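Heads up, the thing below is written out as structure tokens.
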Amino acid sequence: MPRQYSIEKTRNIGIIAHIDAGKTTVSERVLFYTGVSHKIGEVHTGDTVMDWMEQERERGITITSAATTAFWTPTYHNHDKKFEHRINLIDTPGHIDFTVEVKRSLRVLDGAVVVFDGVAGVEPQSETNWRYADDYKVPRICFINKLDRAGASFEKSFQSILDRLTPNAYPIQLPIGSESDFKGVVNLLENKAYLFEGEHGEKINEVPIPADMAADVEKHRHDLIEKIAENDDAVMSAYLDGKEISLDDLRKTLRKATIANTIVPVMCGSALKNKGVQFMLDAVIEFLPSPADLPPVKAHDEKSGEEVEIKLVDEASFTGLAFKIATDPFVGNLAFVRVYSGILKRGSYVYNSTKGEPERIGRIVRMHANDREEVEEIYSGEIAAIVGLKQTTTGDTLCEESKPVILEKITFPEPVIGLRIEPKTKADQEKMGIALHRLAEEDPTFRVAGDNETGETIISGMGELHLEIIVDRMKREFNVDANVGRPQVAYKETIMAEADGEGKYIKQSGGRGQYGHAKVHVKPLERGTGFVFLDEIKGGSIPKEFINPTEKGIREALDKGIVAGYPVVDVEVALYDGSFHEVDSSEAAFKIAGSMAFQDAAKKAKPVILEPIMKIQIIVPENFMGETTGNVNSKRGRIESMEDRPGLKVVNCKIPLSEMFGYATELRSMTQGRGSFTMEFDHYEPAPNNVAQQIIEGKKR
């Protein structure tokens, strides 16, 4: 079957934003205007297409990113089929606990629409998502939403983008009217004004630019054209000669600048009131890249490790990245795959180069939220889901066995909070293991581990809501009832100084003995580096075959901890000397010696407990400001900045996670239910002595 849509007419885009900025509402309008759905779903009535999970509809938040495909002809082509484009759209969550969904979606998308709340402007999660998009160099369009709300201001929201995200943002539209009078937009490129009429804003009427906006439009249009001209020599010389630049040239140059990330176009509207979404879709087609506009993807040859370029053409050998695993109640495991080159056919065999395993492609489906459409093959630049992969997990590369390459993996944040969990009945016991395994496959920020001392199961995740949803999904999707303990902070340990240590394991008890002897040097590393092992053995004082077991022993000692049994991070361990016995030395003996040597060195190297520090934004009415800041100080918090919003104060601060349990209730009671806060992980830092002492005693109990 030939390709229906050329690669130039394909767009892979994501919608990203802070929680409650209106991403899902924007996605629902996109589905309505593109004809995918004939009724507009609303978050507040719980009938959205993109938020299809029961938990999402109950809570009115997005938990898992949903993918769909829509088709759009830009409005100025009056629905001429020749100009129709295919848009693969992913609606991502805004809550920090589900940040993994945003990160892995941005890894495979070519462009993004960043939605902002017209009242709040840039919020904490907008910044985090923007940084992820920067990491993957994803071209963006900004859409300032909710301009119909009381207190909404396009200027203030736009200024917050300039101040906190990028100086390269330029409006390509201005709103006509504000708050409840918001009724249309001025297109600065065309220098024309439009109003949205009809029941769902589907009628777009051109009107004269309002007289009171003329000077403002003139100024912004001048700045925009000047900035566009900087991105093309021919346009620049025409601009300097005072010539009128054609609309076609302006569009082409702005497209080039957006793809190069030198300009971020800013648009405006109100998705709930059906204003501005069609123009946003036009901009997705006009300014965001097709897969063909982007440079070749870099990968590494599996055998030689050399860097190779993956060219985005159907004729090349197949290469794809599995960026998300989902459990579907009807078809089992689904692996979402972005195809970077070649064609993937149903029933064919591929090679998972990350795991070194062959995989058979059972069925290929295009997802429309939770509906599936079977397809025979997918082409380069497309996104689809594969049914029936056995070994593949998030971030694995799939390719042809004759040309094995490995694409760059996706890195995920570490979990910061844990819960003890146990099955309610014997029948639940077996099912719980399967359910937890399936959920951990799906979500790389969710971990399952056993506590060796107590034999209990501990699940860890990004926050209380994250774990609450996991337990809820276990009950609904896998019919597993479980008892859950109190949330616990995921502390870590590290060292603050350098030290040497020695471990000697000698056991003589008739017959062959055991002998292992290792000397190590430990040294602290920067936060977030992890563990580094150096083999500095000279002159064969420890034979080659015992180096690996020694490292294994050290790694096991890291997991057991030094001070209070928490995992040790950010250390470098150099194995520099030791001795062995011709007969009695064995791998097991050196494993124990390595573990003893590390313990010995680490105890001398000023070990400390690290606690997770959270970045928090608290929004309260002005008259509760004093009480709120006093409360932050009592929680060992550091206030970093304060801002004003109409009638509200915004406090940005950092507080240890251990002080934040139950804070939602506390804040509500302090502010008569009118305060709110958002929280995300920021970094680990050493806990003060008195707190460390409490942690150690708590662990002993």
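What you see below is based on every heavy atom in this structure, not just the backbone, and it leaves out hydrogens, waters and symmetry mates. Model, not experiment: these values are computed from the prediction.
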Exercise. With sequence neighbours left out, write down each residue that passes side-chain hydrogen bond (donor to acceptor under 3.5 Å, both in side chains) with D163, or none if nothing qualifies.
Key: Q159

Exercise. Taking the side chain as every heavy atom from C-beta outward, state whether L436 and M432 have any atom pair closer than 4.5 Å.
Key: yes

Quiz item: Got a sec, which residues hit salt bridge (charged side-chain N to carboxylate O under 4.0 Å, His left out) with K649, two or more places apart in sequence or on another chain?
Solution: D644

Which donor-acceptor pairs under 3.5 Å do the side chains of residues 176-186 make with protein atoms, sequence neighbours left out?
residue	atom	partner	partner atom	Å
E179	OE2	G151	N	2.9

Exercise. State which residues pass side-chain hydrogen bond (donor to acceptor under 3.5 Å, both in side chains) with R527; sequence neighbours excluded, sorted by chain then number.
Key: D570

Quiz item: Does the pair D223/K219 count as a salt bridge with the N-to-O cut at 4.0 Å?
Solution: yes

Exercise. Enumerate the residue pairs fulfilling salt bridge (charged side-chain N to carboxylate O under 4.0 Å, His left out) with a member in residues 108-118, sequence neighbours excluded, ordered by first and then second residue.
Key: D110-R338, D117-R149

Self-check item: Test item: E493 and V569 side chains (from C-beta on) under 4.5 Å apart, heavy atoms
Solution: no

Practice problem: Say whether, by atom type as modelled, one donor and one acceptor occur between the side chain of N145 and the main chain of V115 under 3.5 angstrom. | Solution: no

Quiz item: Hey, does the side chain of S157 reach the backbone of F154 with a donor-acceptor pair shorter than 3.5 angstrom?
Solution: no

Quiz item: Can you name the ring-ring contact (aromatic ring centres under 6.0 Å, His included) partners of F196, sequence neighbours left out?
Solution: F279

Practice problem: Applying side-chain hydrogen bond (donor to acceptor under 3.5 Å, both in side chains), name anything that partners E127, two or more places apart in sequence or on another chain. | Solution: R164

Self-check item: K635: partners by side-chain hydrogen bond (donor to acceptor under 3.5 Å, both in side chains), with sequence neighbours left out
Solution: E666

Quiz item: Any side-chain heavy-atom pair from L174 and C268 closer than 4.5 angstrom?
Solution: no

Quiz item: Any side-chain heavy-atom pair from M642 and N652 closer than 4.5 angstrom?
Solution: no

Quiz item: Are the side chain of E422 and the backbone N or O of A482 linked by a donor-acceptor pair below 3.5 Å?
Solution: no

Quiz item: More than 12 foreign heavy atoms under 6.0 Å from NE2 of H437: is that the case here?
Solution: no

Quiz prompt | Test salt bridge (charged side-chain N to carboxylate O under 4.0 Å, His left out) applied to E659 - qualifying residues, sequence neighbours left out | solution = R636

Quiz item: Does S160 use its side chain to pair, donor to acceptor, with the backbone of G121 at less than 3.5 Å?
Solution: no

Practice problem: Just jot down the salt bridge (charged side-chain N to carboxylate O under 4.0 Å, His left out) partners of K615, sequence neighbours excluded, or say none. | Solution: none

Practice problem: For E685, check salt bridge (charged side-chain N to carboxylate O under 4.0 Å, His left out) against everything at least two apart and list the hits. | Solution: R638

Quiz item: Is the shortest heavy-atom distance from the side chain of N12 to the side chain of V108 under 4.5 Å?
Solution: no

Quiz item: Can you find a heavy atom in the side chain of F446 that is under 4.5 Å from one in the side chain of V448?
Solution: yes

Quiz prompt | Residues forming a ring-ring contact (aromatic ring centres under 6.0 Å, His included) with Y663, sequence neighbours excluded | solution = F677

Quiz item: Heavy-atom distance under 4.5 Å between the side chains of V632 and I655, does that happen here?
Solution: yes

Quiz item: Hey, does I609 have a side-chain heavy atom less than 4.5 Å from the side chain of K492?
Solution: no

